[in-house]
Visitor: 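If you scroll down you'll find the structure; I have some questions about it.
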Amino acid sequence: MSDAFDVIVIGAGPAGYPAAIRAGQNKLKVACVDEWKNMDGTYAFGGTCLNAGCIPSKALLESSELFQRAKDEFAIHGIRLGDVKLDLAAMQKRRASIVKTMTNGITALFKANGVVGIQGHGRLLPGNKVLITGADGSETTLEAKNVVLASGSTPIRLKTVPHDGKSIVDSWNALEFDAVPGRLGVIGAGVIGLELGSVWRRLGSEVTVLEAMEQFLPMVDQTLAKEAQRHFKKQGLDIKLGAKVLSATVKGAGAVTAAAAVDVVYSDAQGEHTLQVDKLVVAVGRRPFTDGLLADGTGVQLDQRGFIQVDEHCRTNAPNVWAVGDAVRGPMLAHKGKEEGVMVADLIAGQFGEVNYKVIPSVIYTAPEIAWVGQTEEQVKASGRAYKVGVFPFAASGRARAMEAGQGMAKIVSAKDDDEVLGVHVIGPMAGELIGEAVLAMEYSASTEDIQRTIHAHPTLSEAIHEAALAVDKKAIDSINR
C-alpha cells in the first residue's frame with residue numbers, strides 16, 4: 001500500500017464513508033481509516049449508525065411494532081392468529097443480519113470506488129500526516145494532501161450512574177438484550193430514549209422514563225410534543241418530567257447477576273424518590289468523539305464542548321484539514337453528516353459543494369412517528385415574524401383510517417407576508433417518509449400555495465400535507481368525506 005494519498009478520511013461512519021466514496025468517484029486517491037470494533041471483537045465499517053444506532057434500532061422498532069400489532073390490532077382487521085409468542089433470539093438474529101449486510105456493503109462500495117479501507121485508530125499529526133495504530137499495536141504513518149476528520153460521537157455517561165454494561169447500560173447495550181427486562185428504566189426522554197423505551201415496552205417491559213427537563217421534547221413543535229406525550233402515556237410509557245437522577249446502584253453485593261436490580265434515586269418537585277428496575281438505560285445524549293484524534297501541533301481547534309471548529313464548508317483552522325458529522329456543530333444526524341461528507345469531497349476535487357442547514361429533517365421513529373423540518377411555531381413566534389398555521393388530523397384521512405393509524409396530524413407554519421413555508425411538522429403514520437416532500441418544497445423556497453396547487457394522489461397519507469397547506473388559508477377539505 002502506498003503511503004501517500006489525495007484524501008485520508010478518519011472515520012467510516014455515515015459522514016466518513018460517503019466522503020471517501022465521493023472522493024473516489026471524483027478520481028482522487030483515497031484511504032478511509034476506522035477503529036470501530038463490535039462486541040465480539042470484529043472490526044466493521046459504518047460507525048455507530050450502522051452498527052449500534054440507526055440501523056439496528058430501526059430493525060428492532062419494526063419487529064417490535066409488528067409484534068405489538070399482531071397482538072393488539074390484527075383482530076380488528078379480521079385476522080386472528082391465536083396466541084402470539086415472542087422469539088427474541090430470532091428477532092435479534094434478524095437485527096444482526098441486517099447490520100452485517102449493511103456494513104459488508106460499505107466494504108464492497110469501497111472496493112468499487114477505489115477506496116483503501118483500513119481498520120485501526122487514526123490520529124492526525126502535523127503536516128497532514130496520519131498515524132494508524134492497528135489492532136496488534138503496529139504503527140503506520142500515511143501522508144495526504146487533504147484529511148477529513150469524521151470521528152463521530154459517543155454516548156454521554158453520567159458520573160453518578162456507573163456504567164457496567166449489564167445492569168446499567170448505554171444505547172448500544174440496550175439493543176443487545178437477550179431477554180426482555182421486566183422493569184426498564186430509561187434516563188432521558190429524547191430521541192434515543194423514546195425509541196428504545198418503545199421497543200422494550202412493546203415486547204413486554206414495564207418502562208419508566210426519567211427526564212430532567214420540565215418540558216417534553218423541547219426541540220419539537222409543542223403541538224406535536226403534547227400529542228406525542230398523550231399517545232406515549234396511552235401506550236404505557238411512564239414519562240416523568242423534571243426528574244433529576246441523583247444516583248443508581250446495582251444491588252447484590254456489587255456483583256452483576258441475572259437477578260440483579262438497580263435502585264435509581266431521583267428528585268422532582270415532590271421530593272426524592274427511589275425507582276427499582278432490572279435494567280437502566282442511560283440515554284442523555286452524545287458528545288463528539290475526539291479521543292486520541294489530534295496530536296499536538298495540528299492546528300485543529302476544539303470549542304468548549306469538544307466539537308471540532310469548522311466554517312460553513314467544514315474547513316478547520318488547519319490548511320487542507322476538514323471535519324464533518326457528529327464531531328462538528330449542528331444536529332447529530334446521519335443524513336446531515338452524509339451531506340457534509342459529500343460536500344467536502346466535492347470541494348476538495350474543485351467542484352461546487354454546499355449544505356443547506358435550514359432544511360435538515362429530523363425523525364423520531366416511535367409509533368406514531370414524529371418528523372419535522374424548519375422552524376417550530378414557537379421559534380417563528382419568538383422571531384417576531386407574522387405567521388399563519390394550518391393543521392390537518394390523520395383521523396380525517398381515509399388512508400390513515402384504512403391503516404388503523406388515524407393518530408396525529410400534519411402542521412404547516414407559513415409566513416403571512418410572502419406565504420413562504422417556514423416549518424412542517426408531522427406526527428402520524430410514516431411521518432419520516434412524508435417529511436421528504438416538505439424538505440423538497442422548502443429547498444425550492446416553496447410557498448404554501450405551491451403545496452396547495454400540487455396534486456396529491458387519493459387516498460394517500462401525503463394528502464395530509466396538502467390538506468394542512470389548504471388549512472393555512474382555511475380551505476381544507478375533509479378527506480374522509482371526499
Side-chain angles (χ1 to χ4, degrees), residues 54 57-82 84 86 91 94 98 191 194-195 197-203 217 220-221 223-237 361-373 390-412 424-441 451 454-471 476-482:
C54 309
S57 66
K58 302 312 164 285
L60 287 184
L61 280 160
E62 181 69 17
S63 296
S64 62
E65 183 174 356
L66 288 174
F67 176 71
Q68 180 269 323
R69 291 180 63 195
K71 287 198 309 175
D72 303 333
E73 182 187 316
F74 281 11
I76 299 173
H77 293 271
I79 304 171
R80 302 197 178 276
L81 301 177
V84 178
L86 171 65
M91 189 178 290
R94 173 182 178 272
I98 292 171
V191 176
L194 290 174
E195 289 185 356
S198 293
V199 166
W200 297 108
R201 177 68 192 97
R202 294 168 187 165
L203 299 182
L217 292 177
V220 176
D221 186 281
T223 302
L224 272 69
K226 291 174 183 177
E227 177 78 357
Q229 188 175 8
R230 182 173 68 85
H231 284 293
F232 295 152
K233 182 178 180 180
K234 188 176 179 181
Q235 292 168 13
L237 287 177
S362 296
V363 185
I364 305 176
Y365 294 90
T366 49
E369 284 186 1
I370 307 168
W372 67 96
V373 62
V391 176
F392 182 80
F394 280 105
S397 163
R399 176 65 171 149
R401 286 285 194 178
M403 296 170 61
E404 201 65 30
Q407 305 87 12
M409 69 193 76
K411 175 178 179 179
I412 295 181
V424 179
H425 312 272
V426 183
I427 177 171
M430 306 299 289
E433 306 299 328
L434 296 177
I435 205 65
E437 174 182 351
V439 175
L440 184 63
I451 299 177
T454 300
I455 299 173
H456 293 69
H458 176 75
T460 60
L461 296 174
S462 65
E463 282 184 295
I465 301 288
H466 181 248
E467 298 290 348
L470 289 168
I477 301 171
D478 190 342
S479 291
I480 206 166
N481 295 322
R482 288 173 65 181

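Heads up: numbering here begins at 1 and tracks the sequence. Note: hydrogens, waters and symmetry copies are ignored here, and every other heavy atom, side chains too, is used.
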Visitor: Considering non-hydrogen atoms only, spot the tightest contact between Gly432 and Ile435 and give its length.
Guide: O-CG2, 3.5 Å
Visitor: What residues, two or more places apart in sequence or in another chain, satisfy side-chain contact (heavy atoms from CB on, under 4.5 Å) together with Lys226?
Guide: none
Visitor: Identify, with sequence neighbours excluded, every residue that meets side-chain contact (heavy atoms from CB on, under 4.5 Å) alongside Leu86.
Guide: Phe67, Leu88, Met91, Val180, Leu203
Visitor: Test Met403 against Leu461 for side chain to side chain contact (heavy atoms under 4.5 Å, CB included), laying out the working first.
Guide: CA-CA 10 Å; Met403 296 170 61; Leu461 296 174; 3.9 Å; yes
Visitor: Could you pull out the closest heavy-atom pair between Glu369 and Met430, with the gap in Å?
Guide: OE1-C, 3.5 Å
Visitor: Do other residues, nucleotides or ligands put more than 12 heavy atoms under 6.0 Å from Arg399 CZ?
Guide: no
Visitor: Restricting to non-hydrogen atoms, name the atom on Gln407 and the atom on Pro429 that form the minimum distance, rounded to 0.1 Å.
Guide: O-CD, 3.8 Å
Visitor: Please name the pair of heavy atoms, one in Pro368 and one in Ile427, separated by the smallest distance, quoted to 0.1 Å.
Guide: CG-CG1, 3.7 Å
Visitor: If you measure from CG on Leu194 to OH on Tyr365, what distance do you get to the nearest 0.5 Å?
Guide: 14.5 Å
Visitor: May I ask you to test the Thr366-Phe232 pair for a side-chain heavy-atom distance under 4.5 Å?
Guide: yes
Visitor: What heavy-atom pair brings Ile412 and Ile465 nearest, and what distance separates the two atoms?
Guide: CD1-O, 3.6 Å
Visitor: Would you mind reporting whether Lys411 and Asp221 have side-chain heavy atoms less than 4.5 Å apart?
Guide: yes
Visitor: How about Val426 and Trp372: do any of their side-chain heavy atoms sit closer than 4.5 Å?
Guide: no
Visitor: Could you report the tightest heavy-atom contact between Gly197 and Leu237, atom names first, then the distance?
Guide: O-CD2, 3.7 Å
Visitor: State which residues pass side-chain contact (heavy atoms from CB on, under 4.5 Å) with Ile79; sequence neighbours excluded, sorted by chain then number.
Guide: Phe74, His77, Leu81
Visitor: Using distance alone, with no hydrogens and no angle criterion, decide if His231 and Gln235 have a side-chain donor and acceptor under 3.5 Å apart.
Guide: no
Visitor: Would you tell me whether Glu437 and His456 have side-chain atoms, one donor and one acceptor, within less than 3.5 Å of each other?
Guide: yes
Visitor: Is a salt bridge present between Glu195 and Lys58, judged by a nitrogen-to-oxygen distance below 4.0 Å?
Guide: yes
